[in-house]
Structure formats: structure tokens, C-alpha cells
Amino acid sequence: MKITILAVGKIKEKYFTEAIKEYSKRLSRYATLKIIEVDDEKTPDHAPPALEAQIRQREGERLLKALKDDAYLIALAIDGQSLDSPALAQTIEKLGVQGHAHLAFLIGGSLGLSQEVLRKADLRLSFSKLTFPHQLMRVILLEQIYRSFRIIKNEPYHK
């Protein structure tokens, strides 16, 4: 299976970069991973809603431009479907059985994903009602994808 993480913004902190490298290495036993970063927009403090919408739209256009047509799109969104780890594993396995050989996970910038990106998504997935920094979300997502493959393969993993 091919997994693409398509994210707005670059990872700046070394500790996030190291964690991403570690989970990417672990995941390589189960899937081909590609991480694509698109530029984020600078968001001024106390930006009016109209400006925030423009920023989400510009970032969304960059995400959509980087997408491949063959990918099953999973948008990370706070209002998405909430799954536990076994259910996420079951979803990934089911998608593979259905012939979806390429899953693309979309992570928005600090303001989230544009409506256009959310409409294009095949699945909206929420990891929590809490808000996480998008850099940390990349680490959490990779860990959960890795955990999913361990569950699918019936291999032990820390609970």
C-alpha cells in the first residue's frame, strides 16, 4: 500500500523531525510512505474571518494541486469521524481490500482545511475534539498509521 501525508507547512523543530523519521522508518516495513509539504500562509494575529477564509483557500489550492488522482483522500478535520486505533486499522485494511492501494492523509495549516478540500475528501477523520499543532499532528498520524499496520498484521504493540 502507498501512503501519502500531504501537509501544509514545514516541520521546524528537530524533535518532531526525529519522531517523523522514526515512524517513517518503522512504517516502511508495511507501506511506501511519501510526505509532501506545501507552503503555508502567514496568518496575522486577530485576522478577520474573511482573511482566514482566503488563507485556507490558498493553502487548500496548494494541497489539491499536489494530489494524485488515484488516492483515496482522508482529511484530518476536527468535525470528522472519530475512530479508536482498532477501528482505524480496520478502515485501512478494508480500503486495501476494496482496491484502494493509495491513501492520502491531508493535514491543514493552523487554520485547518478549506471547504473545497473537505468536499473533495472521501473520509473526514478526527483524532480528537482537541486542537493540536499541525506539526505534532503529523507525528500522531504516523504513529497511528504504524499502529494500524501492526494491528492488521496481528503483531504486538504497546497499548
Side-chain angles (χ1 to χ4, degrees), residues 1-11 16-40 56-159:
M1 180 172 278
K2 189 160 100 174
I3 304 284
T4 299
I5 308 293
L6 188 51
V8 173
K10 302 205 179 306
I11 299 296
F16 286 139
T17 303
E18 292 301 316
I20 288 166
K21 278 186 204 172
E22 178 61 27
Y23 283 111
S24 297
K25 183 177 87 175
R26 292 181 187 192
L27 191 53
S28 70
R29 293 182 48 214
Y30 306 101
T32 302
L33 175 68
K34 184 174 189 178
I35 298 175
I36 300 171
E37 298 174 333
V38 300
D39 290 338
D40 58 346
R56 273 192 301 274
Q57 181 182 351
R58 278 182 251 161
E59 291 174 345
E61 287 168 359
R62 291 182 191 126
L63 285 172
L64 293 173
K65 192 174 180 179
L67 285 175
K68 300 294 182 211
D69 288 336
D70 69 334
Y72 184 91
L73 304 180
I74 302 171
L76 273 58
I78 203 162
D79 66 345
Q81 184 178 354
S82 184
L83 303 174
D84 62 11
S85 295
L88 179 59
Q90 185 178 32
T91 299
I92 290 172
E93 183 175 33
K94 183 177 165 185
L95 289 169
V97 169
Q98 291 173 346
H100 298 286
H102 183 191
L103 305 182
F105 292 85
L106 310 173
I107 302 173
S110 61
L111 299 174
L113 293 166
S114 70
Q115 286 303 310
E116 187 178 1
V117 171
L118 291 171
R119 276 192 300 274
K120 190 164 176 71
D122 298 300
L123 172 66
R124 289 185 194 187
L125 182 62
S126 174
F127 277 76
S128 172
K129 293 291 183 198
L130 299 172
T131 302
F132 296 106
H134 57 281
Q135 294 182 20
L136 177 59
M137 196 61 235
R138 217 178 296 184
V139 176
I140 294 169
L141 174 61
L142 284 169
E143 189 279 335
Q144 284 298 305
I145 294 170
Y146 170 68
R147 182 182 295 267
S148 292
F149 279 103
R150 298 286 295 193
I151 292 169
I152 290 165
K153 300 290 186 185
N154 240 352
E155 297 172 350
Y157 192 71
H158 182 284
K159 294 183 181 184

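One-based numbering along the sequence shown. We use all heavy atoms of the structure for the numbers below, so side chains are in, but hydrogens, waters and symmetry mates are not.
You'll find the side chain of Thr91 stays beyond 4.5 Å of the side chain of Ile74, heavy atoms only. Proximity of Leu67 to Lys120: side-chain heavy atoms (C-beta onward) are separated by under 4.5 Å at one or more points. With contacts defined as side-chain heavy-atom distances shorter than 4.5 Å, the pair Ile3/Ile92 does not qualify. A heavy-atom distance below 4.5 Å is found between the side chains of Tyr72 and Leu123. Counting only heavy atoms from C-beta outward, the side chains of Ile145 and Leu103 never approach each other to under 4.5 Å. In this structure, the side chains of Arg29 and Glu155 come closer than 4.5 Å at one or more pairs of heavy atoms. Counting heavy atoms from C-beta on, the side chains of Val38 and Glu59 never come closer than 4.5 Å.
Taking the charged nitrogens against the carboxylate oxygens, Arg147 and Glu143 do have a contact shorter than 4.0 Å, which makes a salt bridge.
Atoms CD and OG, on Gln144 and Ser85 in that order, are 3.5 Å from each other to the nearest 0.5 Å. How far CG of Leu76 is from CG of Leu6: 11.5 Å, rounded to the nearest 0.5 Å. The line from NE2 of His100 to CG of Asp70 is 11.0 Å long, rounded to the nearest 0.5 Å. Atoms CG and CE, from Leu27 and Met1 in turn, are 11.0 Å apart once rounded to the nearest 0.5 Å. With rounding to the nearest 0.5 Å, the separation of CG in Leu88 from CD in Gln81 is 10.0 Å. Between the CG atom of Leu142 and the CZ atom of Phe105 there is a distance of 9.5 Å, given to the nearest 0.5 Å.
Around NZ of Lys10, the count of heavy atoms belonging to other residues, nucleotides or ligands within 6.0 Å exceeds 12. Around atom CD of Gln90, no more than 12 heavy atoms belonging to other residues, nucleotides or ligands sit under 6.0 Å away. Within a 6.0 Å radius of CD in Glu61, more than 12 heavy atoms belonging to other residues, nucleotides or ligands are found.
Judged as a salt bridge (Lys or Arg N to Asp or Glu O under 4.0 Å), and not counting sequence neighbours, the contacts of Asp79 are Arg124. Remark: Lys25 pairs with Glu22 by the side-chain contact (heavy atoms from CB on, under 4.5 Å) rule, at least two apart or across chains.
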(message) Checking Lys68 against Thr4 for the side-chain contact (heavy atoms from CB on, under 4.5 Å) test, could you report, in this order, the C-alpha distance in whole Å, the side-chain angles of both residues, the deciding distance, and whether it holds?
(response) CA-CA 10 Å; Lys68 300 294 182 211; Thr4 299; over 6 Å; no
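The side chain to side chain contact (heavy atoms under 4.5 Å, CB included) with Glu37 is formed by just one residue from the set Ile107, Ile5, Ile11, Val8; it is Ile11.
Contact detail for Ser126 and Gly80: the closest heavy-atom pair is CB-O, 3.4 Å. What you find for Leu130 and Ser128 is that their closest heavy atoms are N-OG, 2.8 Å. Residues Ala104 and Ala71 approach most closely at CB-CB, 3.8 Å, considering heavy atoms. In this structure, Ala89 and Ile152 approach most closely via the heavy-atom pair O-CD1, 3.4 Å. Nearest heavy-atom pair across Arg56 and Leu113 is CD-O, 3.6 Å.
Between Tyr30 and Phe149, the ring planes are parallel. Angles under 30° get that label, and only those over 60° would be called perpendicular.
Panel note: side chain Arg62, backbone Asp39; a donor-acceptor pair is recorded below 3.5 Å.
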